[in-house]
Amino acid sequence: MPTYNTSPGTRDILAPESARWRAFQQVFADIVERAGFGHIIPPMFEDLGVFLRVGETTEIVTKEMYDFDDKGGRRIALRPEQTASVCRAFVEHRPVTPWKVWYAGPNFRYEKPQQGRYRQFDQVGVEVLGIDDPQLDAEVIALAVDFYRRLGLHGIRLSLNSLGDSGDRDRYATALRAHFTSHLDALSTESRATLERNPLRVLDSKRPEDAPLIAAAPRMADHLTDAAATHFAAVQSALRAAGVDFVIDDRLVRGLDYYRRTTFEFVATSLTAAHTAIGGGGRYDGLVADLGGPETPGIGFALGLDRTLLACDAEGVFAAPTSAVDAFIVDVTGGEQAAQLCTQLRAAGFGVDRAYDSRSMKSQMKVADRSGARVAIIIGEDEVAANTVTVRTMESGSQQLVSRGELVERLKTVLGR
RNA sequence: GUGGGCGUAGCUCAGUUGGCUAGAGCGCUAGGUUGUGGUCCUAGAGGUCGCGGGUUCGAGCCCCGUCGUCCACCCCA
């Protein structure tokens with residue numbers, strides 16, 4: 001038994017899965033960079049205060065924060081998400097707007113792990129600061145949809161809602177509280193507790209006994225100001241114009257307190273486990289101001305890497321890329337020849353590996369086979385004496401003697417380069 | 001944070017009502033008459049049965065605790 005294992009909720013991502021992660025981030029980077037987004041790499045930990053802005057009523061802040069005092073007495077937290085960091089960075093650097101950034105990397109939440117939920121989990125995402133235009137909302141959403149399509153996913157449902165401006169949101173919360181409070185006995189115990197913290201979240205309850213009360217609850221749509229309603233309508237028509245399918249879900253309440261107006265969520269219909277929400281986002285006008293900056297509108301989304309990959313598994317798409325070296329050197333004369341050839345061939349641009357410990361040809365060939373290399377380069381006493389090597393095509397088993405001087409050209413031919 | 005399932009070789013698992021030196025498949029290593037992989041055959045290495053207590057003549061099997069893991073709730077990506 002090993003002395004140490006990974007901490008709960010963390011894991012090692014090994015090859016070939018790690019290559020899949022890299023490809024995932026690469027596909028995302030390609031899409032958003034082509035749309036004018038710049039890459040931001042915020043720190044993985046920040047002053048705790050940055051994240052408290054996410055919302056005092058969310059569990060992310062109240063019980064899931066990975067926080068600690070550093071040796072300088074600062075109160076530090078591992079980031080639970082990256083939007084707050086991006087806004088902090090905006091206030092710190094004051095870039096010209098619109099500021100369009102994308103990110104990829106791990107976040108941390110102290111939760112009980114289960115499928116699709118880790119204490120260290122990766123997200124990719126974008127944020128745009130300084131623009132209020134509903135066309136931007138639609139474009140940002142379309143970017144995520146395009147990304148899913150590029151992965152090969154089909155079973156993605158986009159839910160859309162508007163939480164209104166902050167005043168709307170507060171009025172709606174009050175109306176909800178009044179509604180649920182007047183029927184408290186019909187509400188589940190869990191939801192009663194939720195009601196205390198955040199009435200909006202009661203709408204999220206999946207308990208059957210709460211369903212009737214939720215169905216009868218006041219509608220957010222009836223609490224929107226004209227401005228918010230107009231904005232929401234414009235977002236919808238822009239989405240239709242872009243050919244993006246969506247469903248309006250006026251019960252959609254996202255977990256973070258800072259959301260205003262447009263909110264959305266992506267659900268993988270191929271996933272049957274509890275965690276089917278694989279991405280989400282929305283507007284957070286006001287967050288920048290909360291962090292000490294000027295009044296600045298903002299919108300963005302974050303997509304969960306782990307869960308999205310789970311959805312890819314379920315649909316059988318976006319497999320891990322196979323990675324193999326081009327050639328594997330089998331040297332039964334001690335290994336010096338292999339060392340030389342490795343250097344030479346790698347410099348010439350080939351992917352090359354070799355065997356060690358002067359093992360038998362049979363065992364070196366097994367390693368060659370396992371490496372996935374298309375070609376084995378065999379060096380025995382005969383080859384050394386004649387300044388040649390044997391080039392063996394693994395799949396067919398055909399092989400031929402090649403002089404050292406012709407090896408590079410020969411490899412190019414065999415590998416089809 | 002709450003509830004439940006599970007924890008035996010690197011991996012997937014089997015181990016009967018507690019009873020001798022704990023098994024299989026895959027993987028790994030070495031061979032199969034002396035320069036060759038993927039199929040086949042043979043042999044071999046590898047386990048303080050998560051950890052700590054307890055019950056018992058005796059525990060992988062029972063009890064308690066603990067840690068880990070999985071699932072659901074909660075929450076969320």
Side-chain angles (χ1 to χ4, degrees), chain A residues 1-11 14 54-55 57-65 80-83 104-125 144 188-191 193-194 197-198 201-202 204-208 253-256 265-268 271-281 301-311 328 330-333 355 357 359-384 389-399 401:
Chain A
M1 291 298 110
T3 309
Y4 295 108
N5 295 98
T6 56
S7 294
T10 68
R11 66 238 159 100
L14 307 178
V54 168
T57 65
T58 68
E59 296 212 332
I60 291 175
V61 168
T62 55
K63 47 185 266 208
E64 295 174 1
M65 198 81 89
E81 55 116 40
Q82 292 178 248
T83 303
N107 303 319
F108 307 85
R109 292 179 196 172
Y110 196 89
E111 300 182 274
K112 192 152 181 177
Q114 67 187 70
Q115 187 185 61
R117 188 173 74 182
Y118 302 95
R119 287 184 178 174
Q120 177 178 331
F121 63 102
D122 267 61
Q123 289 182 329
V124 296
S188 67
T189 351
E190 292 86 348
S191 288
T194 308
R197 283 203 317 277
N198 186 346
R201 295 221 57 84
V202 177
D204 244 2
S205 167
K206 289 163 195 94
R207 272 168 288 274
V253 180
R254 310 256 327 131
L256 279 28
E265 189 169 275
F266 297 100
V267 168
L271 293 179
T272 50
H275 299 105
T276 55
I278 61 173
F301 64 69
L303 313 180
L305 193 154
D306 315 83
R307 289 187 188 177
T308 305
L309 250 22
L310 242 33
F328 193 95
V330 171
D331 175 2
V332 289
T333 67
D357 293 340
R359 299 212 280 179
S360 70
M361 178 169 290
K362 177 174 176 137
S363 88
Q364 289 193 43
M365 281 302 293
K366 285 183 87 157
V367 182
D369 185 43
R370 227 178 299 157
S371 77
R374 287 166 61 197
V375 168
I377 297 172
I378 299 165
I379 304 167
E381 300 298 344
D382 297 348
E383 283 85 349
V384 172
V389 297
T390 294
V391 174
R392 179 183 177 88
T393 306
M394 294 302 277
E395 193 181 351
S396 65
S398 67
Q399 58 187 49
L401 221 48

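Letters A, B, ... mirror the listed sequences (proteins, then strands); counts begin at 1.
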For this session: For side-chain contact (heavy atoms from CB on, under 4.5 Å), just list the numbers for A/M394 and A/M365, CA-CA rounded to whole Å, side-chain angles, deciding distance to a tenth of an Å, and then say yes or no.
Result: CA-CA 10 Å; A/M394 294 302 277; A/M365 281 302 293; 4.0 Å; yes
Exercise. Considering only B/G3, B/C74, B/A77, which nucleotide approaches the side chain of A/K112 most closely?
Worked result: B/G3
Problem set entry | Whole-angstrom distance between B/C26 and B/G38, as gauged at atom P | 14 Å
Exercise. Which whole number of Å gives the distance between the P atom of B/U55 and that of B/G60?
Worked result: 16 Å
Problem set entry | Paired nucleotide for B/U42 [Watson-Crick or G-U wobble; both distances under 3.5 Å] | B/A30
Seminar exercise, completed: Nearest heavy-atom contact between A/L310 and A/G116 is CD2-CA, 3.9 Å
Exercise. Are A/I278 and A/L271 side-chain neighbours, meaning at least one heavy-atom pair lies under 4.5 Å?
Worked result: yes
For this session: Using the C1' atom as the reference point in each nucleotide, state the distance between B/G19 and B/U12 in Å, no decimals.
Result: 29 Å
Exercise. Which base, if any, makes a Watson-Crick or G-U wobble pair with B/G68, both distances under 3.5 Å?
Worked result: B/C6
Problem set entry | Complement of B/A24, any strand, by Watson-Crick or G-U distances under 3.5 angstrom | B/U12
Problem set entry | Between B/C61 and B/C49 - C1' atom distance, rounded Å | 10 Å
For this session: Give none if B/U48 has no partner; otherwise give the nucleotide forming a Watson-Crick or G-U wobble pair with it, both distances under 3.5 Å.
Result: none
Problem set entry | Pair assignment for B/U36, Watson-Crick or G-U wobble, requiring both distances under 3.5 Å | none
Seminar exercise, completed: Between CD of A/Q114 and P of B/G1 the distance, given in whole Å, is 14 Å
Seminar exercise, completed: For B/C62, the nucleotide meeting Watson-Crick or G-U wobble distances (both under 3.5 Å) is B/G54
For this session: Take atom C1' in B/G47 and the same atom in B/C11, then report the distance between them in whole Å.
Result: 14 Å
Exercise. Between the side-chain atoms of A/Q115 and the base atoms of B/A72, is any donor-acceptor pair under 3.5 Å?
Worked result: no
For this session: Determine the interatomic distance between P on B/U17 and the same-named atom on B/C75; round to the nearest Å.
Result: 44 Å
Exercise. What does A/Y118 touch in the nucleic acid at a heavy-atom separation under 4.0 angstrom: a base, only the sugar-phosphate, or nothing?
Worked result: base
For this session: For nucleotides 29-37 of chain B, just jot down a letter per nucleotide in 5' to 3' order: B, S or -, based on protein non-hydrogen atoms under 4.0 Å.
Result: SS-B--BBB
Exercise. Given that both distances must come in under 3.5 Å, which nucleotide forms a Watson-Crick or G-U wobble pair with B/C75?
Worked result: none
Exercise. Taking N and O atoms by type only, does the side chain of A/R117 place a donor or acceptor under 3.5 Å from a partner on the base of B/C75?
Worked result: yes
Problem set entry | Nearest heavy-atom neighbours spanning A/T333 and A/I379 | CG2-O, 4.0 Å
Exercise. Over how many whole Å does the gap from A/F108 atom CZ to B/A77 atom P extend?
Worked result: 16 Å
For this session: Please confirm whether A/R119 makes a cation-pi placement over A/Y110, using NZ or CZ under 6.0 Å from the six-membered ring centre and within 45° of the ring normal.
Result: yes
Exercise. So which heavy atom on A/Q120 is nearest to which on A/P106, and how close?
Worked result: NE2-CB, 3.5 Å
Problem set entry | Protein-nucleotide distance (A/L14, atom CG; B/G27, atom C1'), rounded to Å | 16 Å
Problem set entry | Distance between C1' atoms of B/G15 and B/G25 (Å, rounded) | 15 Å
Problem set entry | Smallest separation among heavy atoms of A/A368 and A/F328, with atom names | CB-CD2, 3.4 Å
Exercise. Taking the six-membered ring of A/Y118, is the NZ or CZ of A/R11 close enough (under 6.0 Å from the centre) and on axis enough (within 45°)?
Worked result: yes
For this session: Identify, between A/D306 and A/T10, the residue whose nearest nucleotide on RNA chain B lies closer to the 5' end.
Result: A/T10
For this session: Taking atom C1' in both B/G46 and B/G18, compute the distance separating them and give it to the nearest angstrom.
Result: 27 Å
